[in-house]
Peer 1: 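Have a look at this one.
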Protein chains: 2
Amino acid sequence: MRQEAFAAAGCAACPVRAEGLCRHLSVDDRSLLHIAPRHVGPGSDLFYQGEPSDEVFRIREGWAFLYELLEDGRRQIVQFVLPGDLVGFHPEVTAPSFGAQAVNSMELCVIPRLRLVEVAHRRPNIAYQLACMFSHDEARAYDRLTSVGRKTAIERIASLLLELFYRLRRRAPEAPGEMLKLPLTQTHIADALGLTPVHTNRTLALLRQKGVIDYGNGLFHILAPAKLFAIAGIDPGSGAEAATLFH
Amino acid sequence: MRQEAFAAAGCAACPVRAEGLCRHLSVDDRSLLHIAPRHVGPGSDLFYQGEPSDEVFRIREGWAFLYELLEDGRRQIVQFVLPGDLVGFHPEVTAPSFGAQAVNSMELCVIPRLRLVEVAHRRPNIAYQLACMFSHDEARAYDRLTSVGRKTAIERIASLLLELFYRLRRRAPEAPGEMLKLPLTQTHIADALGLTPVHTNRTLALLRQKGVIDYGNGLFHILAPAKLFAIAGIDPGSGAEAATLFH
DNA sequence: CGCGATTTTGAGCACCTTCAATCCGTGTGG
DNA sequence: CCACACGGATTGAAGGTGCTCAAAATCGCG
């Protein structure tokens, strides 16, 4: 089968083959899962809010985000999805309450939902791994909720930059120190933080003016990490949020 | 063993024995889990933000909430915990980023964390059930995030009342129609929605004045459910949030 | 009855929004 | 090669939702 060939050949070259879900998959599991590759362009939707989908996606390359829309067009980005993440698996739920959209050009592994359910029921390690992933995502959602509910604009932006920085850094520890390649527009950041693009821009400018960060062309420099932690209201030593940040 | 006796005798009378995690537990599983009962009073902490805990709790009676505190005392309630819920299980994480506090008088089943990990690794159904619970909690967190990030005060309050109403109703379908017994203070509601108690009070008064709800003595009446849905910005027919609400 | 917690109401202020215009980098077509 | 269009970033000015500070009223409870 072509798909099994891909699962074998494709996985060997996969940049995220040793992380998350795939770390626990045996060769048998992989063939059972009927994994198929897919490429999607920027702005493509992986699945839509309120519409049932039978596909689960594992991200090999590229960024996406999960979002909810209100009737009048207001948008909340509830999570950013990075390489190695699994999205689209909603056990026991037919229609997801959120959609998923690609930010840039993405390489995905597509897994039929029922296959994953089947494997999860057969292999406790897989099911447990899924539980761990959901639990971790939940903790991040709680941190974001605290950010949006109780922090000022500058605190929120500092927190988000740190979150993204450490999520990227965990996957690529060899990458240069405080550089952050963000394929996001300021509108994305605004929608993730419950702000307007205008105020997001002003607040980013303020951070730049303070010498804490610099940015341009989709690149963010963290010039003063300690200051950024202080502004975010996170104690890198003992802060509770730091736990989610570093794990 | 006394604990096993409780697990047998206690479970028979447990109001949530047929829901969630316990639905899939065999008698053997139960004795393996070393379940022990506990009573805690209002305001007690089940576990603390940033402090490792080896106990997992299943709620038999009473309400609690999960919350995060900032350095300066700002508090965000990230979730309400109702009878039948499981709290305190953070796989692969030593120190939780949030704490849990009892709202009123509670009856709990306490499970040693390692026991639950063990059983989850042995029984795929249990691990899968955990994944389902986390996934569902995550979806609720996303809905709340959308609420706090993108909705006005009156929309947020309407959304929260509907969420709590339907969560309670699912467990007790026989309960009277639009009555809602909330053991919460207005400060709890404010902290869950990213508002101040003062503004929460004014907004609740506005809802009462509009004839949509009435309240007092910890009881909330939903006088006009359709209006409440409309104010919350939720379409009970096809709205995406409705999916999380009704499931 | 008296105390503390909670709810309620008032007035002024601030953070963030809204509306609007301009600037800039990139890609496209003439 | 330049004009043009387009999305995104930037800046300005005015207004509003929700906050802060403060005090009074009400409720629950010993």
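Below, chain A is the first sequence line, B the second, and so on; all start at residue 1.
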Peer 1: Classify the ring geometry between B:Tyr166 and B:Phe229 as parallel (under 30°), tilted (30 to 60°) or perpendicular (over 60°).
Peer 2: tilted

Peer 1: Rounded to the Å, how far apart are A:Arg74 CZ and C:dC16 P?
Peer 2: 18 Å

Peer 1: Which donor-acceptor pairs under 3.5 Å do side chains of residues 197-210 of chain B form with protein atoms, sequence neighbours excluded?
Peer 2:
| residue | atom | partner | partner atom | Å |
| --- | --- | --- | --- | --- |
| B:Thr200 | OG1 | B:Thr196 | O | 2.9 |
| B:Asn201 | ND2 | B:Gln186 | OE1 | 2.9 |
| B:Thr203 | OG1 | B:His199 | O | 2.7 |
| B:Arg208 | NH1 | B:Tyr215 | O | 3.3 |
| B:Arg208 | NH2 | B:Tyr215 | OH | 3.2 |

Peer 1: At under 4.0 Å between heavy atoms, how does the protein contact nucleotides 23-30 of chain D? Give one character per nucleotide, 5' to 3', with B, S or -.
Peer 2: ----SS--

Peer 1: Would you mind reading off the distance between B:Leu206 atom CG and C:dT8 atom P, rounded to a whole angstrom?
Peer 2: 13 Å

Peer 1: If the sugar-phosphate is the primed atoms plus P, OP1 and OP2 and the base is the rest, what is the B/S/- string for nucleotides 13-18 of chain D, using protein heavy atoms under 4.0 Å?
Peer 2: B----B

Peer 1: I'd like to check the side-chain contact (heavy atoms from CB on, under 4.5 Å) partners of B:Ile222; sequence neighbours left out, ordered by chain and number.
Peer 2: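 Testing B:Ile222 for side-chain contact (heavy atoms from CB on, under 4.5 Å), a comparison that skips the adjacent residues, returns B:Phe165, B:Glu178, B:Pro225, B:Leu228.
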
Peer 1: Quick check: does any side chain N or O of B:Asp235 sit under 3.5 Å from a backbone N or O of B:Gly237, one acting as donor and the other as acceptor?
Peer 2: yes

Peer 1: Mind checking what makes salt bridge (charged side-chain N to carboxylate O under 4.0 Å, His left out) contact with B:Arg17, not counting sequence neighbours?
Peer 2: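 Checked B:Arg17 against salt bridge (charged side-chain N to carboxylate O under 4.0 Å, His left out); zero matches.
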
Peer 1: I need the CD-P distance between B:Gln209 and C:dT8, as an integer number of Å.
Peer 2: 13 Å

Peer 1: Does any pair with a residue in residues 37-61 of chain A pass ring-ring contact (aromatic ring centres under 6.0 Å, His included), and if so which ones, sequence neighbours excluded?
Peer 2: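 Passing the test, one end in residues 37-61 of chain A: A:Phe47-A:His90.
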
Peer 1: Give a yes or no on whether a salt bridge exists between B:Arg171 and B:Glu19, defined as a side-chain N under 4.0 angstrom from a carboxylate O.
Peer 2: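 Judged by the 4.0 Å cut-off on N to carboxylate O distance, B:Arg171 and B:Glu19 do form a salt bridge.
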
Peer 1: For A:Thr185, enumerate each residue passing the side-chain contact (heavy atoms from CB on, under 4.5 Å) test, keeping only those at least two apart in sequence or located in another chain.
Peer 2: A:Thr187, A:His188

Peer 1: With A:Asp54, which residues qualify under side-chain contact (heavy atoms from CB on, under 4.5 Å), at least two apart?
Peer 2: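 Per chain and number, A:Asp54 pairs via side-chain contact (heavy atoms from CB on, under 4.5 Å) with A:Arg113.
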
Peer 1: When you measure from the side chain of B:Arg150 to the backbone of A:Leu195, do you find a donor-acceptor pair of N or O atoms at a distance under 3.5 Å?
Peer 2: yes

Peer 1: Counting N and O atoms only, with roles assigned by atom type, does the side chain of B:Asn104 sit under 3.5 Å from a partner on the main chain of B:Trp63, one being a donor and the other an acceptor?
Peer 2: yes

Peer 1: Under the side-chain contact (heavy atoms from CB on, under 4.5 Å) rule, collect the residues that match up with A:Ala232, sequence neighbours excluded.
Peer 2: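 Result, side-chain contact (heavy atoms from CB on, under 4.5 Å) vs A:Ala232: A:Ala158, A:Ser159, A:Leu162, A:Ile234.
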
Peer 1: Please list each protein N or O that sits under 3.5 Å from an N or O in nucleotides 2-7 of chain C, with the distance.
Peer 2:
| residue | atom | partner | partner atom | Å |
| --- | --- | --- | --- | --- |
| C:dT7 | OP1 | B:Gln186 | N | 3.3 |
| C:dT7 | OP2 | B:Gln186 | N | 3.1 |

Peer 1: Roughly how bent is the helix from C:dC1-D:dG30 to C:dG30-D:dC1 end to end, in steps of 10 degrees, with each end axis from five pairs?
Peer 2: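 So the angle between the two local helix axes works out to 30°.
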
Peer 1: Under the salt bridge (charged side-chain N to carboxylate O under 4.0 Å, His left out) test, which residues partner B:Glu51, sequence neighbours left out?
Peer 2: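 Checked B:Glu51 against salt bridge (charged side-chain N to carboxylate O under 4.0 Å, His left out); zero matches.
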
Peer 1: Specify the separation, in whole Å, of atom CG of B:Leu204 and atom C1' of C:dT9.
Peer 2: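 Interatomic distance, CG of B:Leu204 to C1' of C:dT9: 15 Å.
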
